[in-house]
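Quick note on labels: first sequence line is chain A, next is B, and so on, each numbered from 1.
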Protein chains: 2
Amino acid sequence: MSLDARSLDHSADRIPPKFDAAWSLGPSRPSPVANDGQGRVLSFDARHMIIDEADPARCSYVVLEGSVMISKMLPDGRRQIIELLGPGDVFGMTTNRVHESAAESLGPVRVAAYDAAALRADQDLQLMFAERMKSQICALHDHAMLLGRKTARERVSTFLIRLIPGRGGGGCTGPVGKDACGVTVSLTRQEIADYLGITLETVSRAFSQLKREGVLSYSRHDAVTVTNVCRLCRLTGAH
Amino acid sequence: MSLDARSLDHSADRIPPKFDAAWSLGPSRPSPVANDGQGRVLSFDARHMIIDEADPARCSYVVLEGSVMISKMLPDGRRQIIELLGPGDVFGMTTNRVHESAAESLGPVRVAAYDAAALRADQDLQLMFAERMKSQICALHDHAMLLGRKTARERVSTFLIRLIPGRGGGGCTGPVGKDACGVTVSLTRQEIADYLGITLETVSRAFSQLKREGVLSYSRHDAVTVTNVCRLCRLTGAH
DNA sequence: CGGCTAGTTGAAGACACTCAACGAGCGTGG
DNA sequence: CCACGCTCGTTGAGTGTCTTCAACTAGCCG
């Protein structure tokens, strides 16, 4: 069994949006987004700030390849990672003059940037943005539930389930044969913590506990095997 | 000084979206949304379920008048209120066959319902939906920060500041003369708690503490005077 | 090998939760 | 009219989960 989720065949446009695990993948296939030349294509290395908080708002972006994380900071340094985005997802939209959240590449990434004029001119592009915003709003709703009401253990379980394409969601088919699955965790413990609204120690403890209980196994930090997906699913609080 | 925020002159389309306090108002002015007859206008009493979780997805909605709250439940009964919406805001969009969150009227409310075909046919409507989704995504980002990283006291302070139009946000002008303001709290303590991701007791304690410290004063539960808006603002964690 | 980063684990403490009692306000009905 | 029940809010006491602080380990690179 592969430890690398990227070997699984699923494209961003077929997965129900709120369980889209595209951002968990390593180097990813090009997104289905048509780029008719109006959008400037930009490439960034890993951990590069694409948008800083309070940057003047010039463009909206589409992720073409790779993963992007959206975050916000409080003046005293507390950080919240708001969204984890994969190919097809959009970011940088604002009704304000400035961006209200930062965007950073998780790995090497390619994005397309569209200024307001380009967007206004292309109706297909507008529709695509609208569709994506809908799915991302669903994901944000789910995440608000996680942040507001779930325990640390449930948060970490939910996080891990989201890494497994097609599982844990409404359209989950249930276990198919041996119910194990390998996933690549491309975030540090600190980043997972900032995403889940807990501390890195709590994340670490939750991982260790799940490992001790036989739900997970791993030797490398970033290559985790979920031994029993259904059991993990029952720990998310959603079922 | 009035205890009723509705007396203040501000329309939904001029307020920066993430600090839009339209949902804090009582009976509200009609929204600027053009209703060209394609959308069915629906009216509901207070505390009426407009959408149940897992309802088949038929329409997208625009709030015309009144306030709507969007929420999700876990199977064990834990609830999270995800969004509080006012005139101009949209809800019910989904890429799925079913709605993934519930919508309930806070007071008497009028909404316009558009099915997919109506939306596809009207480009202005699409644009309006897209613009609103942008602002609501910003609000969801802000709220994720609140839920993930703020203390109970900061959450309640943020909640109260959001009730005050034009204050607490980026475009905050600072105190103008005597820095007091009356607001109408049209949610129960339980609802505030479910919105802020804490318990009703914690909400109550936070209110009491702020009152004891002289930041707030109130005799009725739903009519609160913020005695010193700037001081409250400094308690939100955002400044 | 030393220094650095990332992760794990332990001990102690704080913040919010749970459970419970009590009080205020309101509508109903005797 | 007042008693009653009901809902909603407040407050207290005790508990628990998660945080904080700190020590320690593993892996990596010069």
Taking A:Arg132 for its side chain and A:Val90 for its backbone only, find out whether a donor-acceptor pair lies under 3.5 Å. no
Open item on the list: Can a donor-acceptor pair be found, under 3.5 Å and without considering hydrogens, that links the side chain of B:Asp194 to the backbone of B:Ile81?
Closed with: no
Next on the checklist: What contact category does A:Thr202 fall into here, base, sugar-phosphate, or nothing, at under 4.0 angstrom with non-hydrogen atoms?
Outcome noted: base
So, is A:Thr199 near the phosphate of D:dT20, with a side-chain N or O under 4.0 Å from OP1 or OP2? no
With a 4.0 Å cut-off on heavy atoms, is B:Ser204 in touch with a base, just the backbone sugar-phosphate, or nothing at all?
base
Sorted by position of nearest nucleotide on DNA chain D, 5' first, the leading residue of A:Arg153 and A:His221 is A:Arg153
**Prompt:** Under 4.0 Å: is that the gap between some side-chain N or O of B:Tyr218 and OP1 or OP2 of D:dG9?
**Reply:** no
B:Gln190 atom CD is separated from D:dT10 atom P, nearest whole Å, by 13 Å
### Query
Per the atom types in the model, does the base of D:dC21 pair as donor or acceptor with the side chain of A:Glu201 at under 3.5 Å?
yes
Atom CZ of A:Arg149 and atom P of C:dC17 are separated, to the nearest Å, by 7 Å
A:Ile198 atom CD1 is separated from D:dT20 atom C1', nearest whole Å, by 15 Å
base_contact_polar (C:dT18 base, B:Arg205 side chain, donor-acceptor, <3.5 Å): yes
- prompt: Looking across every strand, which nucleic acid part, if any, lies under 4.0 Å from A:Leu200 by heavy atom: base, sugar-phosphate, or nothing?
  reply: nothing
Polar side-chain atom of A:Gln80 near backbone of A:Tyr195 as donor-acceptor pair, under 3.5 Å:
yes
What one should report as the nearest heavy-atom pair of A:Ser157 and A:Leu235 is OG-CB, 3.5 Å
note: A:Arg189, atom CZ; D:dT19, atom P; distance rounded to Å ~ 15 Å
